[in-house]
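Structure record follows, encoded as structure tokens.
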2 protein chains.
Amino acid sequence: MTLLNRNVDYAARALVFMARANKPTVSVAQMEGEVGVSRPFLRKTLQRLHKAGILQAVKGKGGGFALARNPENIRLSDLVSVLQGPLKLNDCVFRKQLCRHHDACLLRHKVSGIETRLLAELDSVTIKDLI
Amino acid sequence: MTLLNRNVDYAARALVFMARANKPTVSVAQMEGEVGVSRPFLRKTLQRLHKAGILQAVKGKGGGFALARNPENIRLSDLVSVLQGPLKLNDCVFRKQLCRHHDACLLRHKVSGIETRLLAELDSVTIKDLI
DNA sequence: ACAGAATGATACTGATAGGGTATCATTAAA
DNA sequence: TTTAATGATACCCTATCAGTATCATTCTGT
Ligand code: FES
Ligand code: FES
């Protein structure tokens, strides 16, 4: 199991770079070196964050990306939910009816609690924390 | 991201079933109904747990599987590490050199802390808790 | 007007992991 | 010797991960 996939990894580094840059926009070309991933791939990732409202984008010459919110308002959980999709609960939690005694199931409750606390941890880390 | 895959899900149910059964061994045929998965698949899963020393196995007629340890000594983290492999850290944590400032990296430390606490949670749940 | 630099959108590819089936060998009880 | 069980492999299909390629669009500077 991988907690964070590469997209989240790259995105976090790129966003930290942007937060530090103190410029209206930063182009992918300027970031690729520091982030350590090819330009087209990083671009696709940042486009997804743009669609999700986490980044602003300016097209055309001199354009690029910028944080759409203050760094302290962009959370690791935001990146995860956009780039890895929502945290899927364990199957019996998700698809009810998989086993009987669904409501009383202790595994379900334990796992649900663990996932809630994991999400809270991902929520508690912001881009500002990483600068 | 899925915290627990189906193998872990099925295995947990099967192990709880065995713990409750109070018999020397339980065959896969006896479990498949309660666990809700096909016999060959459940069998493969339990064989892996046997290889890992978590289950005992008795071949031949009347045979089956049994817990190799007391239920309070079999942890959710055991099932996860056998059936999902070890928790892989985020890429930059794992493959050093991916980005510079590796030692000082805050993302790395944050994620590492989150993963440690997640593992501790998986460690704290035993089969006994689920009976 | 035009060239160049940037993102938007989409399609494609290859590798890996998840989820599952099928088959044959081996063991032991009845 | 039949039958019921696990041991060990070899497959298969599908989805996700990771990355590339291409063309369209928009904006700036000359
Ligand atoms: S609800 Fe299915 S394992 Fe608990
Ligand atoms: S060590 Fe690579 S992102 Fe921190």
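Residue numbering restarts at 1 for every chain, and letters A, B, ... go by the order of the sequence lines. All figures in this text were calculated on a predicted structure; none of them were measured in a lab.
The phosphate of D/dG7 has neither OP1 nor OP2 within less than 4.0 Å of any side-chain N or O from B/R48. Checking the phosphate oxygens (OP1, OP2) of D/dG7, a side-chain nitrogen or oxygen of B/H50 falls inside 4.0 Å. The shortest distance between the side-chain N/O atoms of A/Q47 and the OP1/OP2 oxygens of C/dT7 is not below 4.0 Å. Contact between the side-chain N/O atoms of A/Y10 and the OP1/OP2 oxygens of D/dG19 is found at a separation under 4.0 Å.
Atom-to-atom, CD of B/Q56 to C1' of D/dA5 comes out at 16 Å; the value is rounded to the nearest Å. Summarising the geometry, the separation between CD on B/Q84 and C1' on C/dG19 is reported as 13 Å, rounded to the nearest angstrom. Summarising the geometry, the separation between CD on A/Q30 and P on C/dA5 is reported as 13 Å, rounded to the nearest angstrom. The separation between A/N5 atom CG and D/dT16 atom P is 13 Å, rounded to whole Å. Between the CG atom of B/L42 and the C1' atom of C/dT21 there is a distance of 14 Å, given to the nearest Å. If you measure from atom CG of B/L4 to atom C1' of C/dG18, you get 14 Å, rounded to the nearest angstrom. Summarising the geometry, the separation between NZ on A/K51 and C1' on C/dT7 is reported as 12 Å, rounded to the nearest angstrom. A/L46 places its CG atom 14 Å from the P atom of C/dA9, with the value rounded to the nearest Å.
Linking ILVMFWY side-chain heavy atoms closer than 4.5 Å, directly or via other members, places A/V28 and A/V58 in two distinct hydrophobic clusters.
Between B/E34 and B/R13 there is no salt bridge, since no side-chain N of the basic residue sits under 4.0 Å from a carboxylate O of the acidic one. Under a 4.0 Å N-O distance rule, the pair B/R75/B/D129 does not qualify as a salt bridge. Between A/R117 and A/D123, none of the side-chain N atoms (NZ, or NE/NH1/NH2) sits under 4.0 Å from a carboxylate O, so this pair counts as no salt bridge.
The residue B/S38 sits close only to the backbone: its heavy atoms come under 4.0 Å of sugar-phosphate atoms, none of a base. Note on B/V37: nothing from the nucleic acid sits closer than 4.0 angstrom, heavy atoms only.
In this structure, A/F41 and A/K59 both approach DNA chain D, and ranking their closest nucleotides by distance from the 5' end singles out A/F41. Summary of the strand contacts: A/K61 and B/N7 both lie near DNA chain C, and taking for each the nucleotide with the nearest heavy atom, the more 5' one is attributed to A/K61. DNA chain D is contacted by both A/K44 and B/R39; B/R39 maps to the nucleotide lying nearer its 5′ end (nearest heavy atom per residue).
Below the 3.5 angstrom threshold, one finds a donor paired with an acceptor across the side chain of A/R43 and the base of C/dG8.
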Problem - Audit row: B/E121, B/S124, side chain to side chain donor-acceptor pair (under 3.5 Å) steps and yes/no - result: CA-CA 5 Å; B/E121 296 229 44; B/S124 74; 5.3 Å; no
